[in-house]
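Letters A, B, ... mirror the listed sequences (proteins, then strands); counts begin at 1.
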Amino acid sequence: MTTTDQKIEFSPENMQLVKRLMGEYPEGKHKSALLRILHIAQKQFDGWLSADTMNYVAEVMNLKPIEVYEVATFYSMYFTKPVGKYVFDVCHTGPCMIEGAEKLCNHIENRLGVKQGETTPDGLFSWRGVECLGACGYAPMLQLGDSFREHLTPEIVDQLIAELKNKV
Amino acid sequence: MGRKLLIDKVNVPDIETYEVYRKEGGYRSVEKALKTMTPEEVVEEVKKSGLRGRGGAGFPTGMKWSFLAKPEGIPRYLVCNADESEPGTFKDRYLMEKIPHYLVEGMITSSYALGANTSYIYIRGEYMWVLHILEKAIAEAYANGWLGKNILGTGYNLDLYVTCGAGAYICGEETALLESLEGKRGNPRMKPPFPAVKGLWQSPTVVNNVETIAAVVPIINDGGDEYAKIGIGKSTGTKLISACGNINKPGVYEIELGIPVEEFLYSDEYCGGIKNGKKLKACIPGGSSVPIIPHFLVCKTAKGEDRLMSYESLADGGFATGSMLGSGGFIVYDEDQCVVRNTWNLARFYRHESCGQCSPCREGTGWMEKVLYHIENGTGKMDDIDLLWDIQRRIEGNTICPLGDAAAWPVAAAIRHFREEFEWHIKNPQLAQTKNYGLVAEKVFEIAQ
Ligand SMILES: Cc1cc2nc3c(=O)[nH]c(=O)nc-3n(C[C@H](O)[C@H](O)[C@H](O)COP(=O)(O)O)c2cc1C
Ligand code: FES
């Protein structure tokens, strides 16, 4: 686990949301909000959960840091190492595989010039193969942030990469 | 055209909004249940309907509800399982995305039946945008007096919240889901005690699939007897099927249980037949965990009877020649697909998703993946087939939760029905490396249709 220099503090809107989420559970059971709060933290703090971020979440939620670490390392959507600004989670499970997910993975690897789990030198992109995302009828597909991109072709992916590069 | 109860109205413009949903007859089941029925009467209707859990196991919902312990002074909970991670399954998402108030309505009526005053929907983390759709619908329901205190002036109180996972198939298993909902790692619990006795925060809890809870709406509106008239035998009502793979029309369909598989697969109302004029090779009819069946057992049972889309008919012949309705994830493979590659791919899935608590599952899934990888890539040995058989047999039934079985069954079924294809890979290592499609692409044997 690495640390960052950035000051770690939820934005006022996020802090309000965090408080609301903790209030959705009975007295003393607010730990239930941990998974959602970690998503919020990951989104605000550079797309990954540093040790400092996790310690901060533990402090805000009044939990032991280990309670946060053990959750952060169990679930595949949390990153405990830095990742690109944009992460392509490409589904490569059976139904997507037979619709060409592997070819799509190769294409992305060639286009970005990095292997799965790695980040492009400009810090913009990472990609990885993930397991079924519940879009099997709209394959091949990938997840980018909170959205699904479905019925993909190499051309659509190229376009997406170009668009994201232009955004910066 | 079969009758549609759940997704009949998905194409009504703006049906995701409260106003349109209500105008189309939404929330009637809540009015009827809260104003004219006791909770016990609601449970009774669900029992009469014959509704069975739509999450995969097919357990009778009314019976499950009647097992809920009711100790004095301890809260009870209803938790909706919207984790939907079984490969091939994408029906719950469709329902929640298109017509979110349907689930909210089902949650209110069901919570009333169970005497729950706080209920949760647990949705997989990857469906974050669906979570926002649900939260919006819930806010609208609060604003219009369907949630909160003293609903419809009946004195019944209910709070409903949505929470999410963060990428873990195992959290679809009900006790892992409860752990996750408590903010922990998704490690399944030992049963007993069952959630009906000690569930969320050790309180009595019912966990039901999205579609199960939605089905309570038409059951209460029209009566359990009416619902039970649809379907066949113990497979009553309608079922959402998510169809994918090599078919012309992948998507989510609502069927009356009991229609012939042949109709579902080939008619234009549903899958529309195999893509590109190819032939059917195999089918996994109920999500990746259920046995794969070869083409000649898809539309007919081993006895030569028509195979139907029902719990019983799909399971006809047991594991020797049948499969299961499972979660309704209907995956179709054409003649070009490689069973070995597919089995390896699914073995990787289960290895990745094993929570790691039980040795047979943690070690066995990884071992199966490796052996299958070798066979697929031309470095397998003839003994490996028996080795695989042995490993899967030692996982099945020896784990805390059924993920072990779910990992073992696909491997067993692939070997049972496609042993020659495994042998071909081993005997033709060169070809197995360059051509991924096994026997059929090589035309070593023809598929008779
Ligand atoms: C490994 C595993 C994964 C499961 N995934 C899901 C799921 O994603 N959604 C679901 O509703 N049920 C899932 N189940 C079944 C649940 O444990 C439980 O039986 C179900 O939610 C009960 O609801 P029902 O009676 O309405 O079907 C899974 C079971 C296992 C063993
Ligand atoms: S297999 Fe890719 S989304 Fe289901």
Can you tell me which of [options] forms the most heavy-atom pairs within a distance under 4.5 Å of chain A?
options: B:N187, B:T118, B:T89, B:N246; answer: B:N246
options: B:E86, B:E84, B:H352; answer: B:H352
options: B:C355, B:G356, B:G186; answer: B:G186
options: B:M128, B:K184, B:E126; answer: B:E126
options: B:E353, B:R124, B:K91; answer: B:R124
options: B:L131, B:N342, B:V252; answer: B:L131

Residue part contacting chain A, namely of [X], when any heavy atom lies under 4.5 Å:
X: B:S180; value: both
X: B:R348; value: both
X: B:K249; value: neither
X: B:I170; value: side chain
X: B:L200; value: neither
X: B:D159; value: neither
X: B:Y77; value: side chain
X: B:E179; value: neither
X: B:Y120; value: side chain
X: B:R93; value: side chain
X: B:T163; value: both

Hey, do the aromatic rings of B:F90 and A:Y138 have their centres closer than 6.0 Å?
yes
Segment of [X] engaging chain B (4.5 angstrom heavy-atom cut-off):
X: A:E70; value: both
X: A:H30; value: neither
X: A:E99; value: side chain

Sidechain-backbone polar pair: B:E335 side chain, B:K278 backbone, donor-acceptor under 3.5 Å
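Flag not set: sc B:E335 to bb B:K278 has no pair under 3.5 Å.
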When heavy-atom pairs shorter than 4.5 Å are enumerated against chain B, which of [options] gives the highest number?
options: A:A33, A:P26, A:S147; value: A:P26
options: A:Y75, A:Y25, A:F148; value: A:Y75
options: A:V71, A:L63, A:L34; value: A:V71

For residues [X] and [Y], is any side-chain donor paired with an opposing acceptor at under 3.5 Å?
X: B:D334; Y: B:Q337; value: yes
X: B:S242; Y: B:Y94; value: no
X: B:S119; Y: B:S111; value: yes
X: A:S50; Y: A:D52; value: no
X: A:Y69; Y: A:T80; value: no
X: B:N345; Y: A:H92; value: no

Over all heavy atoms of both residues, which pair between [X] and [Y] is shortest? Give the atoms and the distance, please.
X: B:P285; Y: B:P291; result: CD-O, 3.8 Å
X: B:L95; Y: B:V210; result: CD2-CG1, 3.7 Å
X: A:R128; Y: A:G117; result: CB-N, 4.3 Å

Please state whether the rings of A:F125 and A:Y86 are parallel, tilted or perpendicular, taking 30° and 60° as the class boundaries.
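Aromatic pair A:F125/A:Y86 classed tilted.
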Indicate the ring-plane relationship of A:F45 and A:Y56, choosing parallel, tilted or perpendicular according to the 30° and 60° boundaries.
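Perpendicular.
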Could you walk me through whether B:Y161 and A:S32 satisfy the side chain to side chain donor-acceptor pair (under 3.5 Å) test, starting with their C-alpha distance in whole Å, then the side-chain angles of each, then the deciding distance to 0.1 Å, before giving a yes or no?
CA-CA 12 Å; B:Y161 303 107; A:S32 287; over 6 Å; no
